[in-house]
Structure formats: C-alpha cells, structure tokens
Amino acid sequence: MKKYLPALALDVVLVIVFCAIGRRSHDEANALTGLATTAWPFLSGLAVGWLATVALYRDKFDAFLIVPTGIVVWLSTLVVGMLLRVVSGQGTAFSFIIVAGTVLAVFLLGWRAVAKIVTKARATT
C-alpha cells in the first residue's frame, strides 16, 4: 500500500487546488479557514472513494488505473462532497455541481491518463 501514497497525496493536493481555485475565482476571504471549510467535504468524499476502491478491488487494487480507481474516486469525491456540502449548509447550485464534476474529472482522471501514457511510452522505448 505504501507504493500508492504518492497517488493518494496527488489526489489530495488536486482536490485542495480545485477548492483554492474556486475560492479565488469568487474572491472569498479567510484564506486558510475558508479553504478548510470548502475542502473538507470533497476530501471526505475522496477518502470514501479510496477506501471503497481498496475494499472492492483488494487483490487487484491499483491507484493509477482510470477504471475502476479513478472513476470511483472521482464520483465519490463529487457526490459525497456535494452531499456533505448540503448537510453542512454550503451551496450546491446546479452550475457548481457541473463545474465541480468537470474540474474534478480533469484533475482526478487526467493525471491517471497522463501516467498511463507515460508508462506506455517508457515500455516501448
């Protein structure tokens, strides 16, 4: 499992970057506490996705795969994150859900796609 810590760390960083970009684009104040308030629902969803994927694919788990790991992590980050935002009284406008889903997909699936391309390129040389 230690070999997957860089993948988990990258997912965490990308979720925090997503939240920071969103806060910055809306000129929201209270940098650190505001970022923590925005990020915790999505980081919780990310944790759920990682735990679910590890549990479901225990023997075949690979953090670098787009399917199933990337998809499960992305969807749980989005869905659980939005549900926790509702429960905690944070906004979940439809346009925000669309933007969040798109950006999180690009971030959480995108790096896995790049890693796959790089791995294939290295294998052929």
Side-chain angles (χ1 to χ4, degrees):
M1 192 64 182
K2 275 186 178 181
K3 69 180 180 178
Y4 297 122
L5 285 178
L8 175 59
L10 183 55
D11 280 349
V12 168
V13 167
L14 290 171
V15 168
I16 291 170
V17 167
F18 156 71
C19 293
I21 291 169
R23 292 191 58 78
R24 180 74 177 155
S25 69
H26 294 288
D27 293 323
E28 296 187 25
N30 300 329
L32 283 178
T33 56
L35 181 59
T37 300
T38 303
W40 79 263
F42 296 107
L43 291 172
S44 298
L46 181 75
V48 168
W50 266 81
L51 291 172
T53 308
V54 169
L56 290 170
Y57 300 96
R58 185 171 313 177
D59 298 331
K60 301 179 213 171
F61 177 76
D62 185 345
F64 298 93
L65 293 176
I66 296 171
V67 177
T69 309
I71 299 294
V72 172
V73 167
W74 165 56
L75 287 175
S76 69
T77 301
L78 179 64
V79 173
V80 173
M82 290 299 170
L83 290 173
L84 290 174
R85 283 180 62 88
V86 168
V87 170
S88 65
Q90 298 183 48
T92 55
F94 182 72
S95 59
F96 174 61
I97 295 170
I98 298 300
V99 169
T102 303
V103 173
L104 288 170
V106 169
F107 281 6
L108 299 176
L109 301 176
W111 78 258
R112 288 174 169 89
V114 170
K116 184 175 184 175
I117 291 167
V118 169
T119 301
K120 276 188 177 181
R122 286 183 181 169
T124 59
T125 57

Checklist outcome for this item: Tightest non-hydrogen contact, residues Ala100 and Met82, listed as CB-CE, 3.5 Å
Item to check | Results of side-chain contact (heavy atoms from CB on, under 4.5 Å) for Ile21 - residues two or more places apart only | outcome: Val17, Phe107
Next on the checklist: Suppose the criterion is side-chain hydrogen bond (donor to acceptor under 3.5 Å, both in side chains): which pairs have a residue in residues 85-101, not counting sequence neighbours?
Outcome noted: Arg85-Gln90, Ser88-Gln90
Item to check | Pairing residues for Phe18 by the ring-ring contact (aromatic ring centres under 6.0 Å, His included) criterion, not counting sequence neighbours | outcome: Phe42
Item to check | Validation row: Leu65, Arg112 side chains within 4.5 angstrom (heavy atoms) | outcome: no
Checklist entry - Does Leu14 share a hydrophobic cluster with Val73, counting links as ILVMFWY side-chain heavy atoms below 4.5 Å and allowing steps through other members? => result yes
Next on the checklist: Starting from Val106, can I reach Val114 by hopping between I/L/V/M/F/W/Y residues whose side chains sit under 4.5 Å apart?
Outcome noted: no
Next on the checklist: Checking Ser44 now: which residues fulfil side-chain contact (heavy atoms from CB on, under 4.5 Å) with it, not counting sequence neighbours?
Outcome noted: Trp40, Leu84
Checklist entry - Under the side-chain contact (heavy atoms from CB on, under 4.5 Å) test, which residues partner Leu43, sequence neighbours left out? => result Val12, Val15, Ile16, Ala39, Leu46
Next on the checklist: Starting from Val72, can I reach Leu10 by hopping between I/L/V/M/F/W/Y residues whose side chains sit under 4.5 Å apart?
Outcome noted: no
Checklist outcome for this item: Using a 4.5 Å side-chain heavy-atom cut-off and chaining through intermediate ILVMFWY residues, the residues clustered with Val79 come out as Leu83
Checklist entry - Are Phe64 and Leu75 connected in a single hydrophobic cluster, I mean Ile/Leu/Val/Met/Phe/Trp/Tyr linked by side-chain heavy atoms less than 4.5 Å apart? => result yes
Item to check | Apart from Val86 itself, residues in the same hydrophobic cluster as defined by side-chain heavy atoms under 4.5 Å | outcome: none
Checklist entry - Given the rule that I, L, V, M, F, W and Y join up when any side-chain heavy atoms are under 4.5 Å apart, are Phe61 and Ile66 in one cluster? => result yes
Checklist entry - ring pair (Phe, Tyr, Trp, His ring centres under 6.0 Å): which pairs involve residues 66-93, sequence neighbours left out? => result none
Tabulate below the donor-acceptor pairs under 3.5 Å that side-chain atoms of residues 50-58 make, not counting sequence neighbours, or state none.
from  : atom 1 : to    : atom 2 : distance (Å)
Trp50 : NE1    : Asp11 : OD2    : 2.8
Thr53 : OG1    : Gly49 : O      : 2.7

Checklist entry - Could you give all pairs that pass the ring pair (Phe, Tyr, Trp, His ring centres under 6.0 Å) test and reach residues 75-102, with sequence neighbours left out? => result none
Checklist outcome for this item: In short, Thr38 meets Arg23 closest at the heavy-atom pair OG1-NH1, 3.1 Å
Next on the checklist: Checking Ile117 now: which residues fulfil side-chain contact (heavy atoms from CB on, under 4.5 Å) with it, not counting sequence neighbours?
Outcome noted: none
Checklist entry - Would you find more than 12 non-hydrogen atoms of other residues, nucleotides or ligands less than 6.0 Å from Leu32 atom CG? => result no
